[in-house]
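Taking it in order: structure first as structure tokens, then the write-up.
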Amino acid sequence: MIAIGCDHAAVELKDEIVNFLKEKNIEVTDCGIKAGEKCDYPDMAEKVCGMITSGKAEKGILVCGTGIGMSIAANKIKGIRAACCSDHFSAKYTRLHNDANVLCMGARVIGPGIALELTDLFLNTEFEGGRHQRRVDLITKLEEK
Ligand code: RB5
């Protein structure tokens, strides 16, 4: 299950990603919002990340104007490793090396074409483990400090 959410700056992009995932038969929970509604990105980040930390979703996608606000908020939540990406290399390597579980993107930064490709890459790249596991464990330890 993939959980997805957006603020008012990225509703169209969020809807495109939802349709893209559905076409690929990937289960998706759309946490909102709908066109015409407004929300503050930290609230949406909390909602989508809660789906992950409660085990209801495996990964999350958060979109706002820049993707940055969503990623800052998401990374405050224990167990969340959110990466704000606008290029293919970052979307691939944040899975391979950081085991990122949330992809953040900016609707005012990239177009839907790139966003859908980054989504695909993010969801279909496995964490490499090995020496990277130790580093991810060190990130987890930071949560206790
Ligand atoms: C909303 O105007 C905008 O600030 C938000 O979408 C996002 O870009 C924040 O990081």
Side-chain angles (χ1 to χ4, degrees), residues 1-128 132 135-145:
M1 174 67 72
I2 305 300
I4 187 167
C6 66
D7 73 356
H8 43 275
V11 177
E12 260 184 51
L13 179 59
K14 184 266 292 171
D15 287 342
E16 289 212 41
I17 298 170
V18 167
N19 291 336
F20 176 75
L21 295 176
K22 283 183 178 167
E23 276 167 22
K24 288 187 172 289
N25 291 317
I26 295 170
E27 272 196 304
V28 52
T29 299
D30 183 351
C31 296
I33 54 175
K34 293 189 182 120
E37 294 176 348
K38 278 198 166 235
C39 85
D40 295 320
Y41 60 83
D43 294 334
M44 182 54 70
E46 187 179 15
K47 199 168 173 184
V48 166
C49 293
M51 293 279 297
I52 299 170
T53 55
S54 65
K56 291 185 188 120
E58 186 197 328
K59 292 193 185 80
I61 298 174
L62 287 166
V63 284
C64 63
T66 59
I68 297 172
M70 285 291 195
S71 61
I72 292 173
N75 279 316
K76 298 283 181 201
I77 297 165
K78 245 186 180 186
I80 296 301
R81 290 176 301 281
C84 182
C85 298
S86 49
D87 67 277
H88 293 69
F89 188 86
S90 302
K92 181 177 174 183
Y93 275 83
T94 198
R95 286 290 309 130
L96 286 174
H97 288 186
N98 315 128
D99 198 16
N101 49 13
V102 176
L103 172 65
C104 302
M105 294 180 285
R108 294 172 179 158
V109 181
I110 55 172
I114 301 276
L116 297 183
E117 288 196 5
L118 300 190
T119 298
D120 205 29
L121 203 46
F122 184 83
L123 297 182
N124 290 300
T125 304
E126 290 301 317
F127 176 47
E128 234 173 50
H132 302 294
R135 292 164 185 160
V136 170
D137 291 343
L138 287 171
I139 294 174
T140 305
K141 275 195 188 160
L142 289 176
E143 294 174 339
E144 309 304 332
K145 287 187 181 172

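Indexing begins at 1, ligand by ligand and atom by atom, following the structure's order.
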G65 versus ligand 1: do any nitrogen or oxygen atoms come within less than 3.5 Å of each other? yes
Does G69 reach ligand 1 with a nitrogen or oxygen that is under 3.5 Å from one of the ligand's nitrogen or oxygen atoms? yes
If you scan protein heavy atoms around atom 8 (O) of ligand 1, the nearest is T66 N, 2.9 Å
Within the 3.5 Å criterion, strictly below it, is a donor on E117 or H88 matched to an acceptor on the partner's side chain? yes
Hey, is K141 close enough to D137 for a salt bridge, meaning N to O under 4.0 Å? no
Ligand-residue contact atoms, ligand 1 with A9, heavy atoms, under 4.0 Å: 6 (O)
Sub-4.0 Å heavy-atom contact, R108 with ligand 1: yes
Indicate the atoms forming the closest heavy-atom contact of M1 with T29, along with that distance. SD-OG1, 3.1 Å
Tell me the contacting part of C64 for ligand 1: side chain, backbone, both, or neither, using a 4.0 Å heavy-atom threshold, strictly below. both
Numbered atoms of ligand 1 (with element) below 4.0 Å of D7, judged on heavy atoms: 1 (C), 5 (C), 6 (O)
Got the closest protein heavy atom to atom 4 (O) of ligand 1, with its distance? Y41 CE2, 4.4 Å
Check ion pair K34-D15 (N to O, under 4.0 angstrom): no
Any salt bridge linking E144 with K78? Criterion: basic side-chain nitrogen under 4.0 Å from a carboxylate oxygen. yes
Give me the atom names and distance for the closest heavy-atom approach of G79 to E143. N-OE2, 2.7 Å
